[in-house]
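Right, one structure below, let's go through it.
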There are 4 protein chains.
Amino acid sequence: MSQRPSRKTFRPRKAPAQSRSEATVASIVEAAAQVLESEGFEGFNTNAVARRAGVSIGSLYQYFPGKDALTVALIHRESARFHEDASVALTKRSGKAALEYLIGAAVRQQLQRPMLARLLDIAEGRPALRDETAKGEMSELVGTIVGRAAPRHPRPDVAAHDLLAIVKGMVDAAGERGERDLDDLERRVRAAVFGYLARSGGA
Amino acid sequence: MSQRPSRKTFRPRKAPAQSRSEATVASIVEAAAQVLESEGFEGFNTNAVARRAGVSIGSLYQYFPGKDALTVALIHRESARFHEDASVALTKRSGKAALEYLIGAAVRQQLQRPMLARLLDIAEGRPALRDETAKGEMSELVGTIVGRAAPRHPRPDVAAHDLLAIVKGMVDAAGERGERDLDDLERRVRAAVFGYLARSGGA
Amino acid sequence: MSQRPSRKTFRPRKAPAQSRSEATVASIVEAAAQVLESEGFEGFNTNAVARRAGVSIGSLYQYFPGKDALTVALIHRESARFHEDASVALTKRSGKAALEYLIGAAVRQQLQRPMLARLLDIAEGRPALRDETAKGEMSELVGTIVGRAAPRHPRPDVAAHDLLAIVKGMVDAAGERGERDLDDLERRVRAAVFGYLARSGGA
Amino acid sequence: MSQRPSRKTFRPRKAPAQSRSEATVASIVEAAAQVLESEGFEGFNTNAVARRAGVSIGSLYQYFPGKDALTVALIHRESARFHEDASVALTKRSGKAALEYLIGAAVRQQLQRPMLARLLDIAEGRPALRDETAKGEMSELVGTIVGRAAPRHPRPDVAAHDLLAIVKGMVDAAGERGERDLDDLERRVRAAVFGYLARSGGA
DNA sequence: GATGAATGAGGATTCATTCAT
DNA sequence: CATGAATGAATCCTCATTCAT
């Protein structure tokens, strides 16, 4: 038959009480990022992460209830970055400027650790992790920005989904191909985003 | 024995000369598709594929040198579909019509087996399989079409990459969200594609 | 939180198709018995069982879906013995003779592999395995015999439970203490059984 | 470090001289009882006990040299109860009354915390703990009582063993089945005990 | 060729115990 | 003394792959 994952929590197991453990937790998360980055999903296993973090496997499990919790932590870490960027974007005067800011942030972030970003995008899609990701929030945020950038758009929420998908698709592919020219990529992403908006009713 | 083969060929072990083995090979590939579709990467293992195909694990290894060969075969099968579609597209009178045809095909194909298509997109990105995929060819084909649809575009090859990424990003996300409205999705993808072309120099 | 065992089956994984595997299965079960006997629950682990059986750990899991399945198989093996004995007992002319036969069988069986028998009695009580044991049947069988041996007994089913408990308690304790005098033990068990029946309403 | 200590003392590490530690020790033991009761052997681990007791794992090890020491302490706690009961029983005028008193006490105690009692009976049987249990004493005490209740019995010590086994067997089984009718169970145990004595030479 | 039994390295996770703070 | 972070041996189990029949 199939596997029965039995609904687990991916939340950190304990809030680190001493400062010693805060460092441990952070080092584990960064180690997870590095392992994922350099070995891909194939080599992403708890022992490797613990080793790279310089802690014992036991310590890892003291803070993360399982392998997936590592991935989730990683996803949250990146989502937080996006949220910050989006918050800043929301302060921009024009909707267009907000979108442009967000695109720039996305491109920069992606090209900084291309492999990692791409793998996390993939991980986010895993059914088991679906509930743990803040996709809804992200769409909402982008929806708000779209609402400002293209006030006449009939379905800003749908546009938000699409734009997120477009940007992710483009930057992931660029990262995969090893593109390094930030400005060029950013220009092209803008073309896609504003082109889409223009043609899908945002005029 | 072990589990980590260092480097191998993914070509089918034998050219199926007789029709019997041809059928066997096809059934294994389809079984692989079904397992991938219903169980995801987690449940995608050689024994499961053999079982679903109704052949012994020994036979599977008779035709495929290893697990990855299955994935590659699957990717090739889908690429073939794309090639056909692209060939048809190339017969269209106008470049615009060609692109529209291709978009329609991509959307239809994606929404037919959304999970499968998405997982294969992911698999294609695995470094180990990179060489085996015909990404180059696909880009070339699309590049040609772009060249016709937007003759003034300064970098049709770059545009081809981007368009491929945009379409994949959008339809994968749509499939993931469970969208079922083909026409609506197709319209939006067109907006993105032609919007991008218009703004990135294709006028 | 607690552990979520997720309801597993303890049934053998596959019916051995070739005669080779029949032997494997048997050797695994006997190895399980021996390991349990000599190492107790502490040392009863799948690796030890596989090693003692002279098979790989993989083979063990090919036939048994998990550790508990080994225990269940062992319990079934012993229950089968009891059923045979009970069937023979049922052919006895008098109820008293039937009971005496069953007592003798129980004593003999117990003192043959005292440690094993005791540990299996314990294992039967584990909540996780409760459903897998044929305790109900055993009680019924004994209930029938009691019904013949003490026709006036007001609650033969309760008596059956009690007698089973008495016999198990006595022979387990005897085994634990290392008693070897079969006849003496059997006499004492008879005293307990018939004494109980006489005083609990079986006259 | 490791997990398999070869041989150790199970005595509490320090005689709790101050009342503070006395209370701590008692709370740990009771926590052990509760964990064993609610989680079974599976969930009976030092960390869980410490948590339930509201002390740190470090403190637990301050008072108990290891996990088994907890079990031993628990067994001793219950044995003490039995000893008290037996002492009271010894004050009874007739041997019969003494036995009846003891049976009543055993039944009551068992049905109060059925799971715990059963698990401790099992734990007592573990070879590693055998030396630590006061089984000998218990048998002696019961032997004395039997000597009074059935002065003609040829082997009061053997009878003591058997009676202990009978009572344990019956009440454990009853507890396992979830019986709650104290009086009925007590009647049946008496039937077994006195029936056994009558037939095994105590007449 | 086909079969499926057997293999065993690899990876996830637990938990008794120690020891720095 | 108390704390709880850290440790790592031990165990369960999976699955790619081989090979005798």
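The sequence lines fix the lettering, A, B, ..., with proteins before strands; numbering per chain opens at 1.
Mapping N47(D) and S59(C) onto DNA chain F via the closest heavy atom, the residue that lands nearer the 5' end is N47(D). With the nearest nucleotide of DNA chain E identified for both I57(C) and F44(A), I57(C) has the one nearer the 5' end. Positionally, the nearest nucleotide of DNA chain F for V55(D) lies more toward the 5' end than for the other of V55(D) and G58(A).
Pairing for dA10(F) is with dT13(E), a Watson-Crick or G-U wobble pair whose two hydrogen-bonding atom distances lie under 3.5 Å. dT21(F) is paired with dA2(E) under the criterion used here, namely a Watson-Crick or G-U wobble arrangement in which both key atom distances are under 3.5 Å.
A salt bridge between E124(C) and R130(C) is absent, with no side-chain N of the basic residue lying under 4.0 Å from a carboxylate O of the acidic one. Between E30(B) and R113(B), at least one side-chain N (NZ, or NE/NH1/NH2) sits under 4.0 Å from a carboxylate O, which counts as a salt bridge.
Residues R52(D) and S38(D) bring a donor and an acceptor atom of their side chains to less than 3.5 Å of each other.
Distances from the side chain of Y61(A) to the nucleotides dA12(E), dT18(E), dA6(F) place dA12(E) closest. For T46(A), counting side-chain heavy atoms from C-beta on, the closest listed nucleotide (dA6(E), dT13(E), dG8(F)) is dT13(E).
Rounding to whole angstrom units, CD1 of residue I28(A) and C1' of dA5(F) are separated by 11 Å. The CG-C1' distance, from L70(C) to dC12(F), rounds to 12 Å in whole Å. Summarising the geometry, the separation between NZ on K67(A) and P on dT13(E) is reported as 8 Å, rounded to the nearest angstrom. In this structure, L60(C) places its CG atom 11 Å from P of dT7(E), rounding to the nearest Å. Taking atom CZ on R51(A) and atom C1' on dA12(E), their separation rounds to 14 Å, with Å as the unit.
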Q: Would you check, one step at a time, whether the test side-chain contact (heavy atoms from CB on, under 4.5 Å) holds for Y63(B) with V55(B)?
A: CA-CA 11 Å; Y63(B) 293 107; V55(B) 304; over 6 Å; no

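Proximity of T24(A) to the phosphate of dA5(F): no side-chain N or O atom is located under 4.0 Å from OP1 or OP2. Considering only side-chain N and O atoms, S56(B) lies nowhere under 4.0 angstrom from the phosphate OP1 or OP2 of dA2(E).
N45(D) comes within 4.0 angstrom of sugar-phosphate atoms only, judged by non-hydrogen atoms across all strands, and of no base.
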